[in-house]
*Asks:* 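Before we start, here is the structure in question, set down as structure tokens.
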Amino acid sequence: MKIYHKKNFAAGLFFTLLGAAFIVLFLVRGNIQPKSVVFCVLSLLIGPGLLLRSLDRGLSYQDKIDALDERNILVHLHAKSMAFNIVHYLLLAVCLLSAIGAFLNGGNPEGQLVLGGMLVVSGVVWFISLLAELFCGLHYEKKL
């Protein structure tokens, strides 16, 4: 048997082993939770499917072509860009709401401390995302 798509094979092997680990965990603990059953079923459906796709020449070729298709790449880049913008603006909103909440919560020092911590953490993460966007823009400006 030849492996035609190594990434799909590795992912399929991982999900299959994860599903098997869930089954072993169910047998050892004896405590079956619905969330764990859903994860087990999903991993046992995804894993062998990816394994079979990685071992079939035609399906592996189709997966590789789909991964290199320009339209798929463009859609993927647009989706990542939009997700980054949404997270960026949500972090800014959390910063502003935390600042307003800390200002309005003047009588409760513990509440101010919690909201101040949220303000600092969300502000730092927002600033890191701003720097990441700037440096990526500079990098690709030079590269292209």
Side-chain angles (χ1 to χ4, degrees), residues 1-102 104-105 108 110-144:
M1 244 187 243
K2 184 174 179 184
I3 300 170
Y4 294 102
H5 199 294
K6 289 181 179 29
K7 287 183 183 178
N8 277 357
F9 184 79
L13 190 63
F14 171 76
F15 280 115
T16 304
L17 291 176
L18 185 67
F22 270 120
I23 291 173
V24 169
L25 189 66
F26 293 152
L27 294 176
V28 169
R29 269 198 304 173
N31 184 8
I32 299 176
Q33 298 172 347
K35 180 173 67 171
S36 298
V37 171
V38 169
F39 286 140
C40 179
V41 169
L42 283 176
S43 63
L44 286 176
L45 288 175
I46 292 171
L50 285 175
L51 282 174
L52 291 176
R53 288 188 75 85
S54 70
L55 297 174
D56 187 332
R57 177 181 289 198
L59 294 175
S60 295
Y61 179 75
Q62 184 65 37
D63 288 342
K64 289 179 182 178
I65 292 298
D66 287 344
L68 296 176
D69 186 24
E70 288 181 19
R71 183 183 179 284
N72 290 343
I73 292 171
L74 185 65
V75 167
H76 183 71
L77 288 175
H78 278 288
K80 279 194 170 203
S81 173
M82 184 56 68
F84 181 79
N85 285 335
I86 289 170
V87 169
H88 192 77
Y89 289 121
L90 281 176
L91 280 170
L92 186 61
V94 168
C95 278
L96 293 174
L97 290 174
S98 297
I100 291 169
L104 293 177
N105 203 2
N108 186 1
E110 288 105 11
Q112 275 187 329
L113 188 63
V114 169
L115 290 170
M118 286 176 55
L119 173 65
V120 169
V121 169
S122 60
V124 167
V125 173
W126 180 80
F127 184 69
I128 290 171
S129 71
L130 187 70
L131 286 178
E133 183 179 10
L134 176 73
F135 288 137
C136 287
L138 290 174
H139 171 74
Y140 286 113
E141 192 67 33
K142 284 182 186 177
K143 190 175 182 178
L144 299 176

*Asks:* Measure the spacing between CD of E110 and CD of Q112 and express it to the nearest 0.5 Å.
*Replies:*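 E110 CD to Q112 CD: 10.0 Å, rounded to 0.5 Å.
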*Asks:* Could you check whether any side-chain heavy atom of N105 comes within less than 4.5 Å of a side-chain heavy atom of V114, counting everything from C-beta outward?
*Replies:*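 A side-chain contact is absent here, since even the closest heavy-atom pair is not under 4.5 Å.
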*Asks:* Under 6.0 Å from the NZ atom of K7, do we count more than 12 heavy atoms belonging to anything else shown?
*Replies:*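 No, NZ of K7 has 12 or fewer neighbouring heavy atoms, counting only those of other groups under 6.0 Å.
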*Asks:* Quick test of your reading: applying side-chain hydrogen bond (donor to acceptor under 3.5 Å, both in side chains), list the pairs with at least one residue in residues 9-26, sequence neighbours left out, ordered by first then second residue.
*Replies:*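 The answer is none; no pair qualifies.
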*Asks:* Output all residues satisfying side chain to side chain contact (heavy atoms under 4.5 Å, CB included) with L90, sequence neighbours left out; order by chain, then residue number.
*Replies:*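 With neighbours one apart ignored, the set is I86.
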*Asks:* To check you understand the geometry: which heavy-atom pair defines the closest contact between S43 and P48, and what is its length?
*Replies:*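 Answer, listing the atom of S43 first, then P48: O-CD, 4.1 Å.
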*Asks:* Rounded to the nearest 0.5 Å, how far does CG of L44 lie from CG of L17?
*Replies:*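 Here the rounded value is 10.0 Å.
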*Asks:* Looking at every heavy atom in both S98 and M118, which two are closest together, and how far apart are they?
*Replies:*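 S98 and M118 have their closest heavy atoms at OG-CB, 3.7 Å.
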*Asks:* Please identify each residue that fulfils side chain to side chain donor-acceptor pair (under 3.5 Å) with N8, with sequence neighbours left out.
*Replies:*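 Residues passing side chain to side chain donor-acceptor pair (under 3.5 Å) with N8: D63.
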*Asks:* For residues 12-64, which residue pairs pass the ring-ring contact (aromatic ring centres under 6.0 Å, His included) check, not counting sequence neighbours?
*Replies:*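 Counting only pairs at least two positions apart or across chains, no ring-ring contact (aromatic ring centres under 6.0 Å, His included) contact touches residues 12-64.
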*Asks:* Would you mind reporting whether S81 and N85 have side-chain heavy atoms less than 4.5 Å apart?
*Replies:*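 Side chain of N85 against side chain of S81, heavy atoms only: contact under 4.5 Å found.
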*Asks:* Show the numbers, then the answer: is there a side-chain contact (heavy atoms from CB on, under 4.5 Å) between L51 and F9?
*Replies:* CA-CA 5 Å; L51 282 174; F9 184 79; 3.5 Å; yes
*Asks:* Give a yes or no on whether the backbone of R57 and the side-chain of K2 come within a donor-acceptor separation of less than 3.5 Å.
*Replies:*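 No, because the side chain of K2 does not come within donor-acceptor range (under 3.5 Å) of the backbone of R57.
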*Asks:* Taking all non-hydrogen atoms of both residues into account, name the closest pair between D56 and G58 and its distance.
*Replies:*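 Scanning both residues, the minimum pair turns out to be OD1-N, 3.0 Å.
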*Asks:* Before giving the answer on side-chain contact (heavy atoms from CB on, under 4.5 Å), spell out for R53 and H5 the whole-Å C-alpha distance, their side-chain angles and the decisive distance to 0.1 Å.
*Replies:* CA-CA 8 Å; R53 288 188 75 85; H5 199 294; over 6 Å; no
*Asks:* Which donor-acceptor pairs under 3.5 Å do the side chains of residues 123-143 make with protein atoms, sequence neighbours left out?
*Replies:*
unit_1: W126; atom_1: NE1; unit_2: H88; atom_2: NE2; d: 3.1
unit_1: S129; atom_1: OG; unit_2: H88; atom_2: ND1; d: 2.8
unit_1: S129; atom_1: OG; unit_2: W126; atom_2: O; d: 2.7

*Asks:* Under the side chain to side chain contact (heavy atoms under 4.5 Å, CB included) rule, collect the residues that match up with R71, sequence neighbours excluded.
*Replies:*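 R71: side chain to side chain contact (heavy atoms under 4.5 Å, CB included) contacts with D69, V75.
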*Asks:* Looking only at heavy atoms, which two atoms of L55 and S60 are closest? And how far apart?
*Replies:*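 In this case the closest contact between L55 and S60 is N-OG, 4.4 Å.
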*Asks:* For C95 and L119, which heavy atoms make the closest approach, and how far apart are they?
*Replies:*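 Nearest pair, atom of C95 first, then L119: O-CD1, 3.1 Å.
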*Asks:* Can you tell me how far apart CG (L45) and CG (L50) are? Round to the nearest 0.5 Å.
*Replies:*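 Reported value, rounded in 0.5 Å steps: 11.0 Å.
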